[in-house]
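The next block holds one structure in the form of structure tokens; read it before the comments.
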Amino acid sequence: MTPEELASAIQGQVAAAVQAGVLPQSCMATQVSVERPKNREHGDWATNIAMVLAKSAAKPPREVAQDLTTRLLTIPEITKAEIAGPGFINITLDSAATGLIAISIIQSGSNYGKSNQLNGETINVEFISANPTGPLHLGHTRWAAVGDAMARVLAAAGGKVSREFYINDRGVQMQKFAASIHAAATGLPVPEDGYLGEYITDLANQIKAKAPNFESLTPEDQLSICLEQGYALQLAIQQESLIEFGTVFDTWYSEAKMHADNKVVHALEVLEKHGHVDRKDGAIWLRTTDFGDDKDRVLVKSDGEYTYFASDCAYYIDKRERGFDRCFYLLGADHHGYVNRLRAVAACAGDNPDKSIEVLIGQLVKIMRGDQEVKLSKRAGDLILLTDLVAEVGVDAARYSLIRYPVDTPLTLDLDLLVSRTNDNPVYYVQYAHARISALLRTASELGHDWQNGNLEFDPGLLVTESEAILLGKLAGYPRIVGSAAELREPHRVARYLEDLANSYHKFYDACRVLPAATEELTSLNVARLHVCAATRIVISNGLDLLGVSAPQRM
RNA sequence: GCCCCCAUAGCUCAGGGGAUAGAGCAUCGGUUUCCUAAACCGUGUGCGCAGGUUCGAAUCCUGCUGGGGGCACCA
């Protein structure tokens, strides 16, 4: 029996109580919530329904609980229902009812945990969106991991998700980038505010190697080759490192192409049509203060140039016209000032920002090397790159350690720690549980035990020990973890859950012998426990998949 | 000045209004003739301060203190 089934069974008993006149009609509307009690002695599940209903029933919670308890005991799967504390009802299920979850997980396989909670909503998840003027650093890496996990979680909850990377390939930064490469290629001094770092020299060398006549070109032609080639090379480097990292975008969206396609002009027309555009001081403004921004924003400067903000507007409007119900922006804390203006843009375009825009602010990643904080500065070339992190700790550990914390808390990674003690990383703990089960199932098969289709049937009633009951309860809770991770936009919940699940599995493994000893025959108890193991492996594998972390067969 | 985020064990952090607030690391000790010991078991004076909301607050609200970040016709 899953918690959802239990909740609806309780709902049914509430209805019966209303029918019997014990509870007023108003109690029907109340949502029943079922939770796992922290303390195992309180049973398998607990509900606070009596306390919630107490007010509308105009009775003390314990009295409501008393009546419901009697009714709940008529449900065959419930062996015990007790009132506790202020009015909790603690419920113990028949061990067979608890154990059946294993079968249901095995049948669902990779679909276990998926739902249609988001009801096919089309969601655009935009993240990283780094300038193509340098490699991706650790700040981007947090989003590369979390943004992708977010997309996976939303998809598992029934969203139609598209991952998108916005390329800021237009504007002053690109010019500086080209000038910096050009300087490196020709031995000129680095321009003011230019980019530093070895990668600039590398790019310059690659460009010169591809264009043997480079030296003989005019400086203007050289510069334009540097821009074009430097951009292409650097973008390819970003794309490759993300693929290696396991983050694959559906769309790489070029700002320059958006301009070339006249999308910005179109966006201005849309905004104008909705009546929030002003002209003053020779510039064109969007009256974002109509919708809570603290000042109006310039779309077109008095010199006729579009602002970056104009691109933001056009990009948003284009996303909506491409059919996305909801646009996620995953931004660093240094961009939190954008939230109000993005929402105002949506409102100026005639949308309800509460529906169409969702901005998640990720606090910055602080990096320690021992006691020393490593300062990041792309211009100065002092970087911790995505590729560096992966080289040091591997994709799985890197992704996992970035995902397992909520994004709204600053994250401190100690590189020395991550490097020197990789075995202590929780990801290994979870992966080990998966590898351990894989080994066990492998052994079962090598010994010729046919536990799935053999003579012995799965008997869930044999799973009676404490560690089995705890493990089964955790397995039953997985779908709601995925659901809450999606609803709250907090993929880290999946990671925390997996650690908890792995812990329950290791304890189970320690307490319960799964396979028969070498000389003995397979028993029904072995079969039942093999089902539990198989179900656990499925859940770990499904959960790790949501994080983009591998589930190894061997370690 | 205005805005956002944060404050929980020695350290890094979990904890969607519920019962005795939890992990990992670190410390010290224990467990394997038996399926993977990357495991398991034991070892703890902790929710920054003050109010409020209610049957009940680490959780929600207000104020304060302390830390991080942000405020351009920049990108």
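Proteins come first, then strands; the chains are lettered A, B, ... in the order of their sequence lines, and each starts at number 1. Because only heavy atoms are used, hydrogens play no part in the values below, and waters and symmetry mates are left out as well, while side chains stay in. Since this is a predicted model, take the numbers as computed values, not measurements.
One can place CD of A:Glu499 at 10 Å from C1' of B:rC13, the figure rounded to the nearest angstrom. Rounded to an integer number of Å, the gap from A:His492 NE2 to B:rC13 P is 13 Å. Per the geometry, CG belonging to A:Leu525 stands 20 Å off P belonging to B:rC34, to the nearest Å. For A:Met258 and B:rA75, the CE to C1' distance is 13 Å, given to the nearest whole Å. In this structure, CZ of A:Arg436 is placed 9 Å from C1' of B:rC35, rounded to the nearest angstrom. Nucleotide B:rU36 holds its P atom 11 Å from the CZ atom of A:Arg554, rounded to whole Å. In this structure, the CG atom of A:Leu402 is 18 Å from the P atom of B:rU12, given to the nearest Å. Rounded to an integer number of Å, the gap from CG of A:Asp293 to C1' of B:rC2 is 13 Å.
B:rG70 has no stacking from A:His335 on its base ring, since the centres under 5.5 angstrom apart and planes within 30 degrees of parallel are not both found. Ring stacking holds between A:Phe88 and B:rA19, with the centres under 5.5 Å apart and the planes within 30 degrees of each other.
The same atom, P, is picked in B:rG46 and in B:rA21; the two are 11 Å apart, to the nearest Å. Nucleotides B:rG1 and B:rC61 place their P atoms 23 Å apart, quoted to the nearest Å.
Checked by distance alone, A:His336 brings a side-chain donor or acceptor within 3.5 Å of a matching partner on the base of B:rG69. Scanning atom types as modelled, one donor and one acceptor separated by under 3.5 angstrom connect the side chain of A:Asn90 and the base of B:rA19.
The ring of A:Tyr166 has its center closer than 6.0 angstrom to the ring center of A:Tyr315. Between A:His140 and A:Phe127, the distance separating the two ring centers is not shorter than 6.0 angstrom. Aromatic rings from A:His492 and A:Tyr405 are positioned such that their centres are separated by 6.0 Å or more.
Pair check for B:rC60 finds B:rG52; Watson-Crick or G-U wobble, both atom distances under 3.5 Å. Nucleotide B:rG24 has B:rC11 as its partner under the Watson-Crick or G-U criteria, with both atom distances under 3.5 Å. In this structure, B:rC2 forms a base pair with B:rG70, meeting either the Watson-Crick or the G-U wobble geometry with both donor-acceptor distances under 3.5 Å. The pairing partner recorded for B:rC40 is B:rG30, the criterion being a Watson-Crick or G-U wobble arrangement whose two distances lie under 3.5 angstrom. Nucleotide B:rG46 is matched to nothing when pairs are restricted to Watson-Crick or G-U wobble geometry with both distances under 3.5 angstrom.
A:Thr409 comes within 4.0 angstrom of the backbone, heavy atoms only, and of no base. Among the atoms of the strands shown, none is found under 4.0 Å from any heavy atom of A:Ile361. Within 4.0 Å of A:Phe309, counting heavy atoms only, lies no atom of the nucleic acid at all. At the heavy-atom level, A:Asn340 lies nowhere under 4.0 Å from the strands shown. As judged by a 4.0 angstrom heavy-atom cut-off over every strand, A:Val514 is placed among the base-contacting residues. Base engagement by A:Asn48 is indicated by at least one non-hydrogen atom pair under 4.0 Å involving a base atom. Within 4.0 Å of A:Asp334, counting heavy atoms only, lie sugar-phosphate atoms of the nucleic acid but no base atom.
At a threshold of 4.5 Å between non-hydrogen side-chain atoms, the residues A:Glu35 and A:Pro3 do not count as touching. Residues A:Val345 and A:Asp312 have side chains not in contact (no heavy-atom distance under 4.5 Å, counting atoms from C-beta outward). A heavy-atom distance below 4.5 Å is not found between the side chains of A:Tyr306 and A:Ser311.
Contact check, A:Lys301 against B:rA75: a side-chain N or O comes under 4.0 Å of OP1 or OP2.
Between A:Gln363 and A:Ala511, the residue anchored closer to the 5' end of RNA chain B is A:Gln363, taking for each the nucleotide with the nearest heavy atom. Looking at which nucleotide of RNA chain B each of A:Trp285 and A:Pro406 is closest to, the 5′-most match is held by A:Pro406.
The local environment of CD in A:Glu446 is crowded, with over 12 non-hydrogen atoms from other residues, nucleotides or ligands closer than 6.0 Å.
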